[in-house]
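Step one of this worksheet: look at the structure below.
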2 protein chains.
Amino acid sequence: MAAENANLSSSLEDYLEAIFNLSKESNIARSKDIAKSLGVSRASVTGALRVLKEKGLANYKPYDYVTLTETGRPIAAEVAQKHKILESFFVDFLGIEPNIAQEAACKAEHTLGPGIIAKLLCFIEFVKHSSKNGCDLADQFEKFCKKQTSKSAGKRDSKNGAE
Amino acid sequence: MAAENANLSSSLEDYLEAIFNLSKESNIARSKDIAKSLGVSRASVTGALRVLKEKGLANYKPYDYVTLTETGRPIAAEVAQKHKILESFFVDFLGIEPNIAQEAACKAEHTLGPGIIAKLLCFIEFVKHSSKNGCDLADQFEKFCKKQTSKSAGKRDSKNGAE
DNA sequence: TGACATAGTTAGGGTAAACTAACTATATTA
DNA sequence: TAATATAGTTAGTTTACCCTAACTATGTCA
């Protein structure tokens with residue numbers, strides 16, 4: 001856990017993550033693509049890059065490609081990993097729609113500390129382990145959920161449920 | 001799920017939640033106490049109350065106690081419920097320290113939509129159900145975690161683990 | 001009842017993040 | 001190589017927070 005420093009805002013973490021992902025995908029992170037992937041204007045990207053450079057997290061020269069510094073990369077990687085873990089928990093275990101899960105992971109990745117993320121990762125392993133042993137937890141949970149919701153739907157029908 | 005409207009910022013949701021909790025605890029929400037519970041200045045509270053009044057969520061008159069409107073109350077209740085569910089998941093299942101869990105819940109309650117929260121609640125029920133049936137999931141998970149961490153600690157010792 | 005403490009408000013400022021519009025640099029291609 | 005399109009930057013604005021300091025209202029008790 002080399003990162004966890006720098007007191008970055010959610011917004012700056014998003015920029016780091018975007019640069020990290022683009023560098024992986026296309027070997028190069030361009031301002032335009034960062035803007036697109038985060039849904040912000042190109043001007044906003046320029047502003048963020050200047051801040052990241054000041055903080056020593058990104059190598060930024062006007063009109064050039066962006067790369068992460070040795071300091072910035074592990075921080076970006078950690079954010080990206082948090083995202084991955086959350087998304088996997090939401091989709092593979094909770095059964096959330098992928099696009100909703102993706103969006104939620106994107107927000108929650110900035111609010112959950114390393115302790116919680118580590119436990120979540122452990123939980124994902126735990127679920128995998130269970131399915132190898134022939135008692136698939138994700139499956140059992142899914143069935144349990146269905147039972148619950150049909151129960152409460154019944155309640156609502158008969159009692160004209162509150163909420 | 002009567003709430004989920006109003007496009008509130010995290011900050012405004014926090015104010016609503018604080019008013020909701022104080023009204024429950026002391027039957028009355030005072031500016032000073034809202035400020036204290038959120039760790040902001042009294043002036044910030046005044047500002048937020050004006051916005052909440054504008055949005056029709058709080059009954060606010062200068063120099064008077066604050067109450068929630070019929071519109072505001074269910075929204076506040078939902079935020080508070082999200083908080084409770086998250087905290088319970090973190091503490092009772094993941095085994096996170098209460099103060100860390102409390103803080104994380106406070107942040108994450110604004111980022112996770114009703115779908116995810118509902119599933120999480122369902123999961124909490126699922127775990128309770130399992131313990132009644134004599135196979136305590138929380139317990140099994142805790143043991144699994146301990147095994148995992150001691151394994152990876154071993155790895156780190158022998159390989160001088162990266163990360 | 002008037003002085004003092006406490007609570008609440010107002011005014012004025014700061015910062016972070018976004019935007020648009022206009023400008024500059026770079027790349028392409030005829 | 002000049003014209004044009006695309007990419008990136010700069011300047012100026014806006015919004016949403018938060019803050020402090022100074023003011024006003026309220027309540028208490030001698």
Side-chain angles (χ1 to χ4, degrees), chain A residues 5-19 22-23 25-68 72 75-76 79 103 106-107 109-111, chain B residues 5-19 22-23 25-68 75 79 103 106-107 109-111:
Chain A
N5 339 330
N7 253 100
L8 292 171
S9 63
S10 303
S11 168
L12 287 181
E13 283 187 1
D14 279 332
Y15 284 103
L16 280 184
E17 188 187 10
I19 296 166
L22 287 167
S23 305
E25 288 162 21
S26 356
N27 274 316
I28 252 169
R30 308 180 60 160
S31 200
K32 179 189 77 145
D33 297 320
I34 299 170
K36 191 178 165 197
S37 84
L38 295 177
V40 299
S41 71
R42 284 167 300 151
S44 300
V45 175
T46 303
L49 290 178
R50 259 202 300 236
V51 177
L52 289 175
K53 184 207 171 93
E54 259 171 43
K55 290 185 180 283
L57 303 174
N59 300 117
Y60 165 64
K61 276 188 201 167
Y63 296 101
D64 203 352
Y65 301 132
V66 195
T67 54
L68 295 170
I75 300 177
V79 176
E103 209 181 310
C106 217
K107 291 182 192 161
E109 74 198 17
H110 309 294
T111 70
Chain B
N5 337 329
N7 252 103
L8 293 170
S9 64
S10 304
S11 169
L12 287 180
E13 284 188 0
D14 279 332
Y15 283 103
L16 280 184
E17 188 188 9
I19 296 166
L22 287 167
S23 306
E25 287 162 22
S26 357
N27 274 317
I28 252 169
R30 309 180 61 162
S31 201
K32 180 190 76 146
D33 298 320
I34 299 170
K36 192 179 165 197
S37 83
L38 294 177
V40 299
S41 71
R42 283 168 300 152
S44 300
V45 176
T46 303
L49 289 178
R50 258 201 302 235
V51 177
L52 290 176
K53 185 206 171 94
E54 259 171 44
K55 290 185 181 281
L57 303 175
N59 299 117
Y60 165 63
K61 276 188 201 166
Y63 296 101
D64 204 352
Y65 300 134
V66 195
T67 54
L68 295 170
I75 300 177
V79 177
E103 207 181 312
C106 216
K107 290 182 192 159
E109 74 198 18
H110 309 295
T111 69

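Proteins come first, then strands; the chains are lettered A, B, ... in the order of their sequence lines, and each starts at number 1.
Annotation for A:C106 and A:D14: closest pair O-OD1, 4.2 Å, computed over non-hydrogen atoms. In terms of heavy atoms, B:E17 sits closest to B:E109 at OE1-OE2, 2.6 Å.
Residues that satisfy the side chain to side chain contact (heavy atoms under 4.5 Å, CB included) test with B:S9, not counting sequence neighbours, are B:S11, B:L12. In this view, A:T67 and A:N59 satisfy the side-chain hydrogen bond (donor to acceptor under 3.5 Å, both in side chains) rule, not counting sequence neighbours. For A:E103, the side chain to side chain contact (heavy atoms under 4.5 Å, CB included) partners are A:K107, not counting sequence neighbours.
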What side-chain donor-acceptor pairs closer than 3.5 Å can you find for residues 27-35 of chain A, not counting sequence neighbours?
none

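Within the 4.5 Å cutoff, the side chain of B:I19 has heavy atoms near those of the B:L49 side chain. B:L16 is listed as a side-chain neighbour of B:L57, based on a closest heavy-atom distance under 4.5 Å.
Counting only residues at least two apart or in different chains, side chain to side chain donor-acceptor pair (under 3.5 Å) contacts with residues 39-56 of chain B comprise B:S41-B:S44.
In the region residues 35-59 of chain A, proximity to DNA chain C at under 4.0 angstrom, judged on heavy atoms, holds for A:G39, A:V40, A:S41, A:A43, A:S44.
Here the range on DNA chain D touched by chain B, meaning any atom under 4.0 Å from one of its heavy atoms, is D:dC17 to D:dA25.
Each of B:V66, B:V40, B:L38 was evaluated against B:V45; a single residue qualifies, B:V40, per the side-chain contact (heavy atoms from CB on, under 4.5 Å) test.
For the pair A:D14 CG and C:dA16 C1', the interatomic distance rounds to 14 Å; values are reported in whole Å.
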Taking only nitrogen or oxygen atoms into account, show me every contact under 3.5 Å that the protein makes with nucleotides 24-27 of chain C, one pair per line with its distance.
| unit_1 | atom_1 | unit_2 | atom_2 | d |
| --- | --- | --- | --- | --- |
| C:dT24 | O2 | A:Y63 | OH | 3.2 |

